[in-house]
Amino acid sequence: MLIQEYGPLKGQMLQIMDENGVIQKPHLVPELSDQEWLELYKAMLLTRSADNKALQLQRQGRMLTYAPNTGQEAAQVGPAAAMGKQDWLVPAFRELGAWLHRGVDLKTVYLYWYGNEYGSHFAEGVKVLPIAVPIGTQVHHAVGIAMASSIKGEDDVTVTYIGDGGTSTGDFSEALNFAGVFNAPVVFIVQNNQYAISVSRQKQTKAETLVQKAVAAGIPGILVDGNDLFAMYAAAKDAIDRARLGGGPTLIEAYTYRLGAHTTSDDPTKYREDSEVAEWQPKDPLLRMKAYLINKGVWSEEQDAALSDEYGEYALAVFREVEEEGDPQLEDLFKYNFREMPAHLREQYEQYVQYLEGKVK
Amino acid sequence: MALMNLITAINHTLDLAMAQDESVVVFGEDVGLEGGVFRATVGLQEKYGQQRCFDTPLAESAIVGSAIGMAVNGLRPVAEIQFSGFVYPAFNQIISHVARMRNRTRGQRTLPLVIRMPHGGGIRALEHHSESLDTFFGHIPGLKVVVPSTPYDAKGLLLAAIRDDDPVMFLEPSKIYRAFRQEVPEEDYTIPIGKAKVLKPGTDLTVVSWGAYIHEVLKAEQILQEEGIDLEIIDLRTISPIDRDTIIESVQKTGRFVVVHEAARSFGPGAELITLVNEGAFLHLEAPPTRLAGFDITIPLPRGEHHYFLDAQRIANGIRQVAHF
């Protein structure tokens with residue numbers, strides 16, 4: 001089992017494919033066909049294209065604040081692909097690849113960043129929670145969902161995400177502890193992208209790794225090259241399978257890098273050196289996977305460029321739909337605070353409508 | 001019918017709810033094996049097993065946060081916060097998620113959960129054990145806030161809270177957990193959330209209160225009745241959403257209004273109630289609407305707490321001034 005070989009205190013990081021797209025540990029490659037890996041690569045490419053489009057639209061003043069995912073696609077698509085159909089995803093806010101792969105459509109994602117609550121209303125049957133903006137709070141929800149699965153005797157597994165900054169919150173420690181005590185079928189994935197806005201990973205904790213925080217909670221953990229799709233898939237699959245069989249929670253640290261800004265509201269050149277970014281550029285998870293697939297003969301640069309363009313156009317078309325949708329219905333602002341609108345809210349709403357209709361003198 | 005005090009009524013109600021609906025789960029610190037520090041959950045783990053009534057590690061944010069997840073995944077969690085002053089670590093979960101999930105998802109994800117906790121003071125408890133948090137919770141859109149004042153009401157309101165599809169903060173006045181017993185029907189009944197109750201009709205002055213203070217108000221009523229002042233007493237029962245109609249209708253009749261609450265005076269529930277009286281009964285008023293409330297001080301430790309908490313004499317004194325204005 002991967003966990004035994006790569007425990008938090010072993011000082012090792014799981015990597016299956018190296019930075020040149022060459023498989024170094026063939027015995028650990030999960031049993032997927034080349035076609036299936038290609039599909040996962042395409043999921044990463046769609047994520048990248050949708051991200052780039054959102055950034056471009058934000059610069060045009062058409063999109064509001066946006067949190068880009070560039071560089072972290074493998075840490076998102078790998079675990080999402082390893083999940084079973086019935087499993088739950090509880091995101092933080094930078095998991096576009098996982099959301100899309102778990103059935104959240106791009107229009108819904110764009111609606112969220114466009115400032116519309118319907119961006120958290122997913123299609124029926126999509127077992128994904130909305131974005132959680134207050135850092136670290138969402139991991140409790142994941143543990144609770146997983147506890148409920150156990151209580152109900154169901155074998156759903158819950159996968160949740162948090163960032164390196166989030167691991168400093170009390171909620172993170174509490175949730176690992178709860179998950180351990182209740183043996184909850186939950187997998188925590190830390191996307192360690194090295195920065196919490198401007199604060200570097202080194203300033204976040206004196207701990208050598210983030211995954212070692214699993215040790216105190218008494219749960220298994222594994223440090224994974226977050227830019228290696230094979231490794232992320234393998235580690236998540238291992239943890240999810242174990243959780244499903246009653247083996248309890250796992251903490252996965254996906255060691256990755258945020259190639260872009262925290263959100264469109266900050267300038268990363270103020271807090272990190274260009275040389276550092278340049279060091280990480282060649283480790284880009286898409287470059288590595290593309291190299292692997294081209295080497296395998298199932299993909300080409302030409303196909304890649306064409307599909308990238310196609311995804312870009314698709315993303316733009318989706319965004320136009322979002323723009324055309326306009327602002328939310330006024331009544332929606334009032335009517336979802338409670339199941340039934342209480343009298344005082346009804347009155348506030350109706351008085352405002354009368355004002356808007358010019359009926360108030 | 002059986003004679004029950006507030007705490008045994010709550011225990012009986014949780015038992016009934018768990019027997020009726022297997023999605024109801026009950027948990028918190030010392031809730032399982034011990035049956036709760038106030039004994040609200042005694043016997044439930046034995047009866048329903050460790051899956052449905054259990055102890056949690058000591059982490060309020062996680063108690064409320066995991067309740068959110070359980071509610072998302074089809075359960076009806078009833079979480080206990082051991083003492084009101086310990087709920088602050090869970091505020092982030094309560095305000096940012098419990099209260100918002102329905103609105104955030106435009107009705108797609110709802111949180112049918114109840115957070116129970118002791119409320120108020122006057123029992124010579126330790127520091128941080130006497131807080132009145134109705135003010136805080138009442139201010140948050142998306143939360144329902146309930147405070148029962150009798151064993152009978154506690155059962156009907158708690159059953160309503162557990163069956164409600166919206167999250168309910170259920171604040172239990174610890175001072176009257178064991179103060180008196182009352183006949184409580186064994187069978188199922190609910191009391192609607194959002195409805196106040198006229199405890200005693202009267203003609204001269206409307207008094208609104210809730211929780212433990214209701215009983216001091218009833219004693220004050222005896223004193224004032226002898227002086228010829230006829231009070232109409234309303235037990236608010238639900239802090240949010242507030243039953244404006246019952247209050248306004250009463251004040252339109254009596255022309256005088258006093259609200260009595262434990263929480264500190266400034267920015268407290270009294271300010272809200274007086275405002276709605278001004279908005280709804282201004283032309284009927286014969287005296288300034290008045291609040292009798294806690295001083296704006298930190299709740300004193302037991303040796304000094306009697307200065308903070310109002311008794312019937314002080315309440316009668318305050319009401320008398322409004323009656324004779």
Side-chain angles (χ1 to χ4, degrees), chain A residues 88 90 116-122 124 126-127 129-134 136-154 156 158 160 169-171 173-175 177-182 184 186 328 332-345 347, chain B residues 22-23 25 27 49-52 54-75 77 89-90 92-93 95-97 99-110 112-113 140-144 164-167 193-194 240-245 276:
Chain A
W88 288 86
V90 180
N116 187 323
E117 281 85 352
Y118 272 100
S120 296
H121 181 107
F122 306 138
E124 201 57 40
V126 171
K127 293 167 86 172
L129 284 199
I131 283 176
V133 176
T137 52
Q138 71 283 358
V139 285
H140 287 318
H141 311 162
V143 173
I145 290 173
M147 287 169 72
S149 296
S150 296
I151 290 168
K152 294 191 290 179
E154 293 167 355
D156 308 356
T158 303
T160 187
T169 64
D171 278 345
S173 301
E174 289 184 14
N177 189 51
F178 255 55
V181 166
F182 294 107
V186 58
D332 281 2
L333 272 53
F334 291 83
K335 82 175 188 191
Y336 292 112
N337 281 272
F338 296 97
R339 181 176 178 169
E340 285 165 25
M341 209 189 292
H344 70 286
L345 274 188
E347 185 185 286
Chain B
E22 66 175 24
S23 69
V25 291
F27 54 92
Q50 293 187 18
Q51 291 271 312
R52 293 187 59 205
F54 51 89
D55 293 325
T56 66
L58 210 160
E60 284 77 12
S61 180
I63 291 170
V64 173
S66 59
I68 292 169
M70 289 181 227
V72 162
N73 197 5
L75 299 182
N92 196 15
Q93 291 291 338
I95 296 170
S96 302
H97 296 299
R100 292 181 182 221
M101 191 65 84
R102 177 188 285 277
N103 181 65
R104 174 183 293 145
T105 62
R106 284 295 179 256
Q108 186 171 41
R109 300 235 179 260
T110 58
L113 61 85
I140 302 166
L143 291 184
K144 292 179 177 173
D164 203 297
D165 285 339
D166 288 318
I193 291 171
S240 179
I242 235 165
D243 180 359
R244 292 185 310 170
D245 292 350
L276 69 88

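In what follows, chains carry the letters A, B, and so on, assigned in the order in which the sequence lines appear, proteins first and then strands, with residues in each chain numbered from 1.
Residue contact with chain A, scored on non-hydrogen atoms closer than 4.5 Å, is absent for B:T110. In this structure, chain B has no heavy atom under 4.5 Å from any part of A:K335. With a threshold of 4.5 angstrom between heavy atoms, B:R244 approaches chain A through side-chain atoms but not through N, CA, C or O. Contact of A:V126 with chain B is made through the backbone alone, with heavy-atom distances under 4.5 Å. Both the backbone and the side chain of B:R104 come within contact range of chain A, each with at least one heavy atom under 4.5 Å from a heavy atom of that chain.
Among B:G74, B:P241, B:P167, B:S61, the residue with the largest count of heavy-atom pairs under 4.5 Å with chain A is B:S61. If you tally non-hydrogen atom pairs under 4.5 Å between each of B:T56, B:I242, B:V25, B:D166 and chain A, the highest count goes to B:D166. Ranked by heavy-atom pairs under 4.5 Å with chain A, the first of B:A99, B:G49, B:G107 is B:G107. In terms of heavy-atom pairs under 4.5 angstrom with chain A, the leader among B:R52, B:M101, B:R106 is B:R106. Chain B forms the most heavy-atom pairs under 4.5 Å with one residue out of A:G119, A:A175, A:A184, A:A148, and that residue is A:A148. For the options A:N177, A:V143, A:V139, A:D332, heavy-atom pairs under 4.5 Å to chain B are most numerous at A:D332. Among the candidates A:L345, A:D171, A:V181, the residue making the largest number of heavy-atom pairs closer than 4.5 Å to chain B is A:D171.
The ring-ring contact (aromatic ring centres under 6.0 Å, His included) search around A:F334 returns A:Y349, not counting sequence neighbours.
The side-chain heavy atoms of B:F27 and B:P77, taken from C-beta on, include a pair separated by under 4.5 Å. At a threshold of 4.5 Å between non-hydrogen side-chain atoms, the residues A:F178 and A:H140 do not count as touching.
Counting non-hydrogen atoms of neighbouring residues, nucleotides and ligands closer than 6.0 angstrom, the CD atom of A:E340 reaches no more than 12 such neighbours.
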Anything under 3.5 Å between a donor and an acceptor, one on a side chain of residues 65-73 of chain B, the other on a protein residue two or more places apart or in another chain? List them.
unit_1 : atom_1 : unit_2 : atom_2 : d
B:S66  : OG     : B:A62  : O      : 2.7
B:S66  : OG     : B:I63  : O      : 3.3
B:N73  : OD1    : A:K152 : NZ     : 3.0
B:N73  : ND2    : A:I145 : O      : 2.8
B:N73  : ND2    : A:S149 : OG     : 3.0

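With values rounded to the nearest 0.5 angstrom, B:Q50 atom CD is found 11.5 Å from A:I151 atom CD1.
Ring geometry for A:F182 against B:F54 counts as perpendicular: the plane angle is over 60°, on a 0 to 90° scale with 30° as the lower cut.
Counting only N and O atoms by type, the side chains of B:H97 and A:Q138 include no donor and acceptor under 3.5 Å apart.
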